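The structure under discussion appears below in the form of C-alpha cells.
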Amino acid sequence: MADMDAFRDELTRWAAGGAPDTAAELAADLGLRTAVLLEGPSDLAAVEALAAREDRDLTAEGVAVVSMGGAMSVGRFAGLLGPPGLGLRLTGLCDAREEPFYDRGWQRAGAVSDFQVCVADLEDEMIRALGPERVEEVIRSEDELRPWQTFLAQPAQHGRPRHQQLRRFLSTRKGRKIRYGSLLVQALDGARPPAPLADLLAGL
C-alpha cells in the first residue's frame with residue numbers, strides 16, 4: 001500500500017531531476033486528484049493539523065499536501081503535478097510577497113488560478129486569529145517562557161508591537177515554526193481558523 005510520505009519523497013527526487021515513474025505510480029496507487037502546494041514545512045504542519053481537527057483524512061480524499069522548500073520552486077512543482085505532469089488539480093497557500101511566483105507558476109502549468117494568500121504569512125494570520133495573549137499561553141505551555149523573555153529583552157524588540165515580536169520569535173530557532181504550525185491550530189479550540197487556511201481546506 002502506497003503512503004503519502006513515499007510519494008512526497010519521490011516527488012522531491014523528481015523535482016531535483018530524477019525519473020518520474022515511481023512518483024507517477026504512487027500517485028495512481030493513492031488515487032490522487034488534487035495537489036496543495038505550500039511554501040514550507042510550517043505551512044504543511046498547519047494544514048495537516050487543521051485537517052485532523054476537522055476529522056479529515058486528506059490522503060484518503062486523494063489530496064497530496066506538498067511542502068516545496070520555497071515559493072520559487074512553485075513553477076517546477078506546478079509543472080510536475082498539474083496539467084503538464086500528473087494532471088492533478090492544483091491549489092495552495094502562499095505569503096502575499098510570494099503571490100507573483102504562484103501566479104506565474106499556475107500560468108506556466110496551464111492551470112486555473114486557485115490558491116489562498118496570507119496577508120504577510122501564515123504565522124501572522126494565526127497570531128491575529130488567536131490574539132497575542134493566547135499565543136503567549138501556548139509558548140508558556142511549551143516551557144518556552146524563558147526563551148521568550150530573553151528574546152523580549154533584546155534591544156531590537158523594545159517598543160515593537162507584541163504581534164510583531166511573536167511573529168519574529170517563532171522564526172528564531174530551527175524547527176520552532178514547524179512545531180508551532182500545528183500547536184497554534186490546536187489552540188484555536190472552537191474559534192474559526194484564519195480565512196486563507198479555512199478557505200483552503202473548505203475548497204478541497
Side-chain angles (χ1 to χ4, degrees), residues 4-5 7-9 11-12 15-16 32 34-54 56-59 61-82 88-106 109 111 113-130 134-135 138-139 142 163-164 166-188 191-204:
M4 186 57 65
D5 287 339
F7 171 73
R8 289 173 180 149
D9 288 343
L11 177 61
T12 299
L32 297 183
T34 299
V36 182
L37 302 186
L38 304 174
E39 294 183 48
S42 62
D43 300 326
L44 174 62
V47 170
E48 291 189 329
L50 183 59
R53 180 175 178 260
E54 296 181 356
R56 293 183 61 179
D57 183 342
L58 296 182
T59 299
E61 295 177 25
V63 177
V65 185
V66 176
S67 168
M68 302 180 296
M72 287 186 289
S73 298
V74 69
R76 176 69 172 154
F77 279 86
L80 298 180
L81 294 167
L88 306 181
R89 174 200 164 209
L90 299 179
T91 187
L93 180 75
C94 69
D95 304 345
R97 66 181 177 275
E98 313 296 2
E99 187 175 0
F101 293 110
Y102 270 58
D103 280 330
R104 288 194 294 271
W106 256 250
S113 182
D114 177 17
F115 55 87
Q116 303 299 321
V117 181
C118 299
V119 171
D121 54 29
L122 188 53
E123 289 75 30
D124 171 76
E125 296 279 358
M126 290 301 307
I127 294 166
R128 285 192 286 115
L130 288 165
R134 182 69 181 107
V135 177
V138 176
I139 290 171
E142 290 298 300
H163 180 109
Q164 293 179 13
L166 286 163
R167 184 172 168 234
R168 180 70 187 96
F169 175 74
L170 296 179
S171 302
T172 55
R173 183 177 178 182
K174 185 177 180 180
R176 183 176 276 148
K177 277 179 68 172
I178 300 172
R179 183 156 54 96
Y180 279 87
S182 58
L183 289 171
L184 295 183
V185 169
Q186 294 164 14
L188 286 166
R192 176 177 166 80
L197 188 58
D199 292 346
L200 176 69
L201 264 290
L204 296 178

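Atom set for the values below is all heavy atoms of this structure, side chains included, hydrogens, waters and symmetry mates excluded. Being a predicted model, the structure only gives us computed values, none of them experimental.
- The shortest heavy-atom contact between V138 and A187 is CG2-CB, 3.6 Å.
- L81 and A35 make their closest contact through CD1-CB, 3.8 Å (heavy atoms, listed as atom of the first residue, atom of the second, distance).
- V47 is listed as a side-chain neighbour of L38, based on a closest heavy-atom distance under 4.5 Å.
- Listed for the Y102 side chain is no donor-acceptor partner under 3.5 Å among the backbone atoms of Q116.
- In terms of heavy-atom proximity, A78 sits nearest to A109 at O-CB, 3.6 Å.
- Across every non-hydrogen atom of S67 and P41, the tightest pair is OG-N, 3.2 Å.
- The one candidate from R8, R53, R56 that meets the salt bridge (Lys or Arg N to Asp or Glu O under 4.0 Å) condition with E48 is R8.
- Using a 4.5 Å heavy-atom cutoff, the side chains of V65 and V63 are in contact.
- Looking at heavy atoms from C-beta onward, Y180 lies out of side-chain contact with M126 at the 4.5 angstrom threshold.
- When every heavy atom of L93 is checked against every heavy atom of C118, the shortest pair comes out as CD1-SG, 3.8 Å.
- A 4.5 Å side-chain heavy-atom check between E39 and V74 finds every atom pair outside the cut-off.
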Tell me, with the steps shown, if S42 and E123 meet side-chain hydrogen bond (donor to acceptor under 3.5 Å, both in side chains). CA-CA 9 Å; S42 62; E123 289 75 30; 3.3 Å; yes

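- A donor atom on one side chain and an acceptor atom on the other are found under 3.5 Å apart for R176 and T172.
- The cationic group of R104 lies under 6.0 Å from the six-membered ring centre of F101 and within 45° of the ring axis, placing it in a cation-pi geometry.
- Between E142 and R179 there is a side-chain heavy-atom pair separated by less than 4.5 Å.
- Residues D124 and D121 meet the side-chain proximity criterion, which asks for heavy atoms closer than 4.5 Å.
- Contact of the T91 side chain with the L37 side chain is not registered, since no non-hydrogen atoms from C-beta on lie closer than 4.5 Å.
- By the 4.0 Å N-to-carboxylate-O rule, R192 lies close enough to D199 to be salt-bridged with it.
- With E125 contributing its side chain and V119 its backbone, the two residues share a donor-acceptor pair below 3.5 Å.
- Note that CG of L122 and CG of L44 are 11.5 Å apart. Values are rounded to the nearest 0.5 Å.
- Contact detail for L204 and R89: the closest heavy-atom pair is CA-NH1, 4.1 Å.
- Side-chain atoms of L200 and F115, non-hydrogen and from C-beta on, never get closer than 4.5 Å to each other.
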